[in-house]
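The next block holds one structure in the form of structure tokens; read it before the comments.
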2 protein chains.
Amino acid sequence: MDVRVYQGLSLEEYADIIRKAIAQHKVVLIYASCTVDYEGRGASTLGEGERIIIVKSDWAFLVHRPNGYSPVNWQPQSSIIDVYVEGGLLVLKAVRTRPHEVVTVRMSEVSLVVISSLSDKAEFIEYMSEHDIRDLLASKPELVEEGLSITSIEKPVEPGFVDLYGIDRNGRIVVIELKRVTATKEAVNQLYRYVQAVRKSIGRDVRGILVAPSITKSALELVERLGLEYKQLNLRKLRGIIEKEKQKTSKSGVSLLEFLSRR
Amino acid sequence: MDVRVYQGLSLEEYADIIRKAIAQHKVVLIYASCTVDYEGRGASTLGEGERIIIVKSDWAFLVHRPNGYSPVNWQPQSSIIDVYVEGGLLVLKAVRTRPHEVVTVRMSEVSLVVISSLSDKAEFIEYMSEHDIRDLLASKPELVEEGLSITSIEKPVEPGFVDLYGIDRNGRIVVIELKRVTATKEAVNQLYRYVQAVRKSIGRDVRGILVAPSITKSALELVERLGLEYKQLNLRKLRGIIEKEKQKTSKSGVSLLEFLSRR
DNA sequence: GGCTAAATCTCGTGC
DNA sequence: GCACGAGGTTTAGCC
């Protein structure tokens, strides 16, 4: 791992090192006492304090305070990063063009600069996303309801896309909206719009089922008021089923990672 | 600024230093080659690669890859952070209790550890948020429409909260939904729900106005279909008005920052 | 603690 | 490039 540490230099010397490292798309990390100004879609100012400033190899830009998950100021991807010394301050200006936004960091004291070339080619694999759950329910519709069969995934209707679309044991059309977190009124309204659209287009009655691990009280009231249905989804159970499938497929020679990354 | 750098130590020595620093609520930053696993609301795995791991003083936990704005794995605030050496790997396990989530970082090689106590007491001041715009329009309703008067801010109605509520020059009730970014169909539906709720509760007609700097084509179509209205909001103009107010107030002895931070 | 909505949301996907 | 929706969203505000 190529990691170089710089300490005790003048602001001009730091500026040179940082400018060159950014041009080479290295990862730059700075401990400094600074102020930060932002102007763009919104605007903010932050007085003097000790922070960590990070410029990543794709020129993503982060200013982190000693507390908290999120950066106090940032730029998801900068198009230009200017580095210069002005009025006894080391200035880092990250500019983004669309939308036009500028973050300016003015450092009065730099106590550490780390320049690195990090090698990270690994694939990031997520599982149990809404996408995964949707596909699992499509292949095992009995998890939603006995006798249900799914005919379409992400079926396009006027206002958007229906997560799952099928027919129940009595031949009624079923529209399913799936949430992997607590369902709110937003989700109920989304389902209702889909149900209304499908009713209108096929000209007969349609069941709307909201499938989620939990639901807020007011959302459940709304479900009932609108003549919709709520079906609780046990995520732990689903995880268990995935585990079982995993074992089956691993016996059949498919690796865990392949299984998990399958869409 | 109290910043200490450690290099060339054994994994056990690193573990001791890191464990102690976390216990003292210092900021810990590690450059390491590692794997990362996450299990909680979702789940993920990430193979070997070189990354930056940060533990902040409130035990916020971040794993950053060399690219991109967002951390690949994280914990907004951990309740426990375990540090130990196992099977030749330095393991960092960040546990969050509600919801129950665990991020595990297994480091095969550590090339740098930085321990710091950062002092940052500055106040972060944001302006031109939806909150600010809403208050400005409430005090200057002519920016929305001549003859409009605002009677309530954040008025609670059944489905949620109406940003601005008032009466137009002809005595009709007006419900305003405000967006500081391009309005989408979501926003139109939000407004429509509020308008329907108010119509039902007061038993007479209600105007619904969506105020935003811009609107998507399909959202505008929906506005017209539902009998609502769209009023373009010039953010730059608003910013200009705030600037003017600022000058007035600065003459009256109120500082810029005080003005901007006023709610 | 639950609920509601904003955010400089970011990020992927589809047209 | 815009539009739309998910997200381990996080965060703030209110009850």
Side-chain angles (χ1 to χ4, degrees), chain A residues 36-44 60-63 68-77 94 96 98-103 124 126-134 154 156 159-161 163 177-187 190 214-221 235 263, chain B residues 37-44 60-61 68-77 94 96 98-103 124 126-134 154 156-163 177-187 189-190 193-194 214-220 235 263:
Chain A
V36 190
D37 292 283
Y38 156 68
E39 173 121 14
R41 289 167 295 179
S44 70
F61 185 82
L62 307 166
V63 181
Y69 155 80
S70 52
V72 63
N73 286 103
W74 69 91
Q75 209 71 282
Q77 249 159 275
R96 186 189 188 184
R98 215 177 346 268
H100 184 70
E101 308 202 272
V102 184
V103 175
F124 180 65
E126 278 181 276
Y127 41 107
M128 287 291 286
S129 64
E130 184 178 285
H131 198 113
D132 293 308
I133 296 170
R134 194 236 290 147
E154 291 292 313
F161 294 84
D163 286 336
E177 174 64 29
L178 178 64
K179 290 289 162 207
R180 60 179 305 294
V181 291
T182 304
T184 64
K185 283 191 284 189
E186 273 311 296
Q190 199 177 338
S214 53
I215 187 165
T216 67
K217 208 180 138 193
S218 64
L220 186 57
E221 284 167 12
L235 279 184
R263 285 288 137 109
Chain B
D37 292 283
Y38 155 69
E39 173 121 15
R41 289 169 293 181
S44 70
F61 184 82
Y69 156 82
S70 50
V72 63
N73 285 106
W74 69 92
Q75 212 67 285
Q77 250 161 275
R96 186 189 188 185
R98 218 177 343 266
H100 184 69
E101 309 202 89
V102 183
V103 174
F124 180 63
E126 278 181 276
Y127 39 107
M128 289 291 287
S129 65
E130 184 179 287
H131 199 113
D132 294 308
I133 296 170
R134 193 236 291 146
E154 291 292 316
V157 296
E158 177 6 45
F161 296 85
V162 169
D163 286 336
E177 176 61 30
L178 178 65
K179 290 288 163 209
R180 59 182 302 294
V181 291
T182 304
T184 63
K185 283 191 285 187
E186 274 311 294
N189 281 305
Q190 198 177 343
R193 273 185 280 145
Y194 296 159
S214 53
I215 187 165
T216 67
K217 208 178 139 196
S218 65
L220 186 57
L235 279 185
R263 287 284 141 111

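In what follows, chains carry the letters A, B, and so on, assigned in the order in which the sequence lines appear, proteins first and then strands, with residues in each chain numbered from 1. From a predicted model like this one, the values you see are computed outputs, not experimental measurements.
- Remark: the separation of the P atoms in C:dT4 and C:dT8 is 22 Å, to the nearest Å.
- Residue contacts for A:Y69: at a heavy-atom cut-off of 4.0 Å it reaches the sugar-phosphate backbone alone, with no base atom in range.
- Counting non-hydrogen atoms under 4.0 angstrom, B:F61 reaches nothing in the nucleic acid.
- Taking only side-chain atoms of A:W74, from C-beta outward, the nucleotide of D:dT11, C:dT10, D:dC4 with the closest atom is C:dT10.
- Residue B:R180 places its side chain closer to C:dA7 than to any other of C:dT4, C:dT10, C:dA7.
- Between C:dA5 and D:dG8, the two P atoms lie 22 Å apart (nearest whole Å).
- Where B:I215 and A:E177 meet DNA chain D, the nucleotide closest to each residue was compared, and B:I215 sits on the side nearer the 5' end.
- Using a 4.0 Å heavy-atom cutoff across all strands shown, B:R96 reaches at least one base atom of the nucleic acid.
- When all heavy atoms of B:A60 and A:G68 are compared, the closest pair comes out as CB-C, 3.6 Å.
- Across all strands shown, A:F161 has no heavy atoms under 4.0 Å from either base or sugar-phosphate atoms.
- Here the closest heavy-atom approach between residue A:E154 and residue A:F161 is recorded as O-CD2, 3.3 Å.
- At a threshold of 4.0 angstrom between heavy atoms, the contacts of B:E130 are confined to the sugar-phosphate backbone, with no base atom among them.
- Each of C:dA5, C:dC3, D:dA6 was ranked by its minimum atom distance to the side chain of B:Q190; first place goes to C:dA5.
- Considering only the side chain of B:Y38, D:dG8 comes nearest among D:dG8, C:dT10, C:dT8.
- In terms of position along DNA chain D, the nucleotide closest to B:S44 lies nearer the 5' end than the nucleotide closest to the other residue of the pair A:G68 and B:S44.
- Side-chain proximity of A:N73 to D:dC2, D:dG8, C:dT8: nearest is C:dT8.
- Closest heavy-atom contact between B:G160 and A:K185: N-NZ, 4.4 Å.
- Comparing C:dC11, D:dG8, D:dC4 by their nearest atom to the side chain of B:S218 picks out D:dC4.
- For A:Y127 and D:dA6, the OH to C1' distance is 20 Å, given to the nearest whole Å.
- OP1 or OP2 of D:dA6 has at least one side-chain nitrogen or oxygen of A:K179 nearer than 4.0 Å.
- B:G40 comes within 4.0 angstrom of no nucleic acid atom, judged by non-hydrogen atoms across all strands.
- One can find a donor-acceptor pair under 3.5 Å joining the base of D:dG8 and the side-chain atoms of B:Q75.
- Contacts of A:T182 with the nucleic acid, taken as non-hydrogen atoms under 4.0 Å apart, are absent.
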